[in-house]
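Right, one structure below, let's go through it.
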Amino acid sequence: MPESLFKKRVIAVVRAIPYGRVASYGQVALLCGAPRASREVGWVLNRLEKEIEVPWWRVLNNKGEITIKGSTFSADFQRKLLQSENIVVSDDFLLSMHDYRWIPTGDEMKQFELPSDYLKTVNEKLRNY
DNA sequence: GTGATGACGTCTT
DNA sequence: CAAGACGCCATCA
């Protein structure tokens, strides 16, 4: 994986998450072609700074829990952003992945240019969500 | 090069 | 169900 390509992919995937929908870190990693790099997704989002417009708040862990730890933004702020998209978030920073998780269509996935043989495992994983 | 550090995921108690 | 252990891997010091 060439230098900074991973970062570009993370940004591309996160930007594809539609308004009012969310995705998990592991899911973003999966769509980046690096299925076991979930922690790195968080790492990239953590130091986004003033990058191009990226809806980073639509990414949470697989349980639907807000686990932000960066100093720039708080969990409270992330919850506000999610709520502003009509997403119901409980007081303990939890939301229903079942209700809000984004499952990309095959068409949406084309832009990620993933190898055709890899797409099989992607779809398999997405089915388990 | 080498070891440490995560906005994680999953399996095991 | 909750908490801990491990695995993971791009970056950084």
Side-chain angles (χ1 to χ4, degrees):
Chain A
M1 189 96 60
E3 180 97 10
S4 80
L5 173 61
F6 179 72
K7 180 178 173 183
K8 289 189 170 201
R9 287 196 167 161
V10 169
I11 290 172
V13 171
V14 175
R15 289 192 74 203
I17 305 174
Y19 175 97
R21 311 302 296 285
V22 300
S24 70
Y25 296 99
Q27 184 184 349
V28 172
L30 179 72
L31 295 173
C32 284
R36 281 153 296 175
S38 52
R39 302 190 68 169
E40 292 63 54
V41 172
W43 190 89
V44 169
L45 295 183
N46 185 29
R47 41 195 5 265
L48 269 181
E49 305 271 337
K50 298 163 184 163
E51 309 279 345
I52 44 177
E53 204 174 328
V54 182
W56 55 266
W57 57 90
R58 296 176 190 152
V59 185
L60 7 165
N61 74 13
N62 207 29
K63 292 181 298 196
E65 184 182 19
I66 294 176
T67 55
I68 188 171
K69 283 177 188 166
S71 52
T72 48
F73 299 110
S74 68
D76 212 56
F77 181 56
Q78 181 170 7
R79 178 170 54 185
K80 271 209 153 61
L81 289 168
L82 289 168
Q83 289 169 335
S84 75
E85 301 192 354
N86 286 337
I87 293 174
V88 177
V89 186
S90 68
D91 290 338
D92 46 345
F93 301 96
L94 212 58
L95 62 78
S96 165
M97 291 303 273
H98 178 75
D99 290 341
Y100 300 111
R101 190 196 291 274
W102 168 56
I103 302 295
T105 65
D107 222 36
E108 281 177 301
M109 266 188 284
K110 278 184 184 175
Q111 63 182 299
F112 304 142
E113 298 180 342
L114 298 167
S116 54
D117 55 340
Y118 178 71
L119 281 178
K120 290 183 68 175
T121 57
V122 170
N123 288 319
E124 198 172 325
K125 289 243 184 184
L126 288 177
R127 246 181 289 127
N128 291 327
Y129 282 145

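Computed from heavy atoms alone, side chains included, the values below leave out hydrogens, waters and symmetry copies.
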Output a table of donor-acceptor pairs, distance under 3.5 Å, between side-chain atoms of residues 79-88 of chain A and any protein atom two or more places apart or on a different chain; print 'none' if there are none.
from: A:R79; atom 1: NH1; to: A:S90; atom 2: O; distance (Å): 3.3
from: A:R79; atom 1: NH1; to: A:D91; atom 2: O; distance (Å): 3.1
from: A:R79; atom 1: NH2; to: A:D76; atom 2: OD1; distance (Å): 2.8
from: A:S84; atom 1: OG; to: A:L81; atom 2: O; distance (Å): 2.6
from: A:E85; atom 1: OE1; to: A:G20; atom 2: N; distance (Å): 2.9
from: A:E85; atom 1: OE1; to: A:R58; atom 2: NE; distance (Å): 3.1
from: A:E85; atom 1: OE2; to: A:W57; atom 2: NE1; distance (Å): 3.0
from: A:E85; atom 1: OE2; to: A:R58; atom 2: NE; distance (Å): 3.2
from: A:E85; atom 1: OE2; to: A:R58; atom 2: NH2; distance (Å): 2.8

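Side-chain nitrogen and oxygen atoms of A:R36 include at least one within less than 4.0 Å of the OP1 or OP2 phosphate oxygen of C:dC9. An OP1 or OP2 oxygen of C:dC12 is reached within less than 4.0 angstrom by a side-chain nitrogen or oxygen of A:R47.
Atoms CE and CD1, on A:M109 and A:I103 in that order, are 9.0 Å from each other to the nearest 0.5 Å. Here the CE-CG distance, from A:M97 to A:L95, works out to 6.5 Å after rounding to the nearest 0.5 Å.
Atom P of nucleotide B:dC8 and atom CD1 of A:I68 are separated by 10 Å, given to the nearest angstrom. As rounded to whole Å, 14 Å separates atom C1' of B:dG9 from atom CG of A:N128. Whole-Å rounding puts the A:R58 CZ to B:dA7 C1' distance at 17 Å. Counting to the nearest Å, the C1' atom of B:dT5 and the CZ atom of A:R39 are 8 Å from each other. The distance from atom CH2 of A:W43 to atom C1' of B:dG6 is 10 Å, rounded to the nearest whole Å. Rounded to whole Å, the distance from CZ on A:F6 to C1' on B:dG6 is 12 Å. For the pair A:R9 CZ and C:dC9 C1', the interatomic distance rounds to 15 Å; values are reported in whole Å.
A:Q27 places a side-chain N or O within 3.5 Å of a backbone atom of A:W102 that can act as its donor or acceptor partner. For A:N46 (side chain) and A:G42 (main-chain N/O), no donor-acceptor pair under 3.5 Å exists by modelled atom type. Checked by atom type and distance alone, the side chain of A:R21 pairs as donor or acceptor with a backbone atom of A:R101 at under 3.5 Å.
Within residues 18-31 of chain A, the residues that have a heavy atom under 4.0 Å from DNA chain B are, in order of number, A:S24, A:Y25, A:G26.
For the pair A:V14 and A:P55, the minimum side-chain heavy-atom distance is below 4.5 Å. Within the 4.5 Å cutoff, the side chain of A:P104 has heavy atoms near those of the A:L31 side chain.
Under the 30°/60° scheme for interplanar angles, the aromatic rings of A:W56 and A:F73 are found to lie parallel.
Paired runs in DNA chain C that reach 3 or more consecutive Watson-Crick or G-U pairs, where each pair keeps both distances under 3.5 Å, cover B:2-6 with C:9-13, B:8-13 with C:2-7.
Considering only the side chain of A:N61, B:dG9 comes nearest among C:dT11, B:dG9, B:dA7. The nucleotide whose nearest atom lies closest to any side-chain atom of A:E40 is, among C:dA10, B:dA7, B:dC8, C:dA10.
Residues passing the ring pair (Phe, Tyr, Trp, His ring centres under 6.0 Å) test with A:Y118: none are found, sequence neighbours excluded. Among residues two or more places apart in sequence or in another chain, the ring pair (Phe, Tyr, Trp, His ring centres under 6.0 Å) test is passed with A:Y100 by none.
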Between the protein and nucleotides 10-13 of chain B, list every N/O to N/O distance that falls short of 3.5 Å.
from: B:dT10; atom 1: OP2; to: A:N62; atom 2: ND2; distance (Å): 3.2

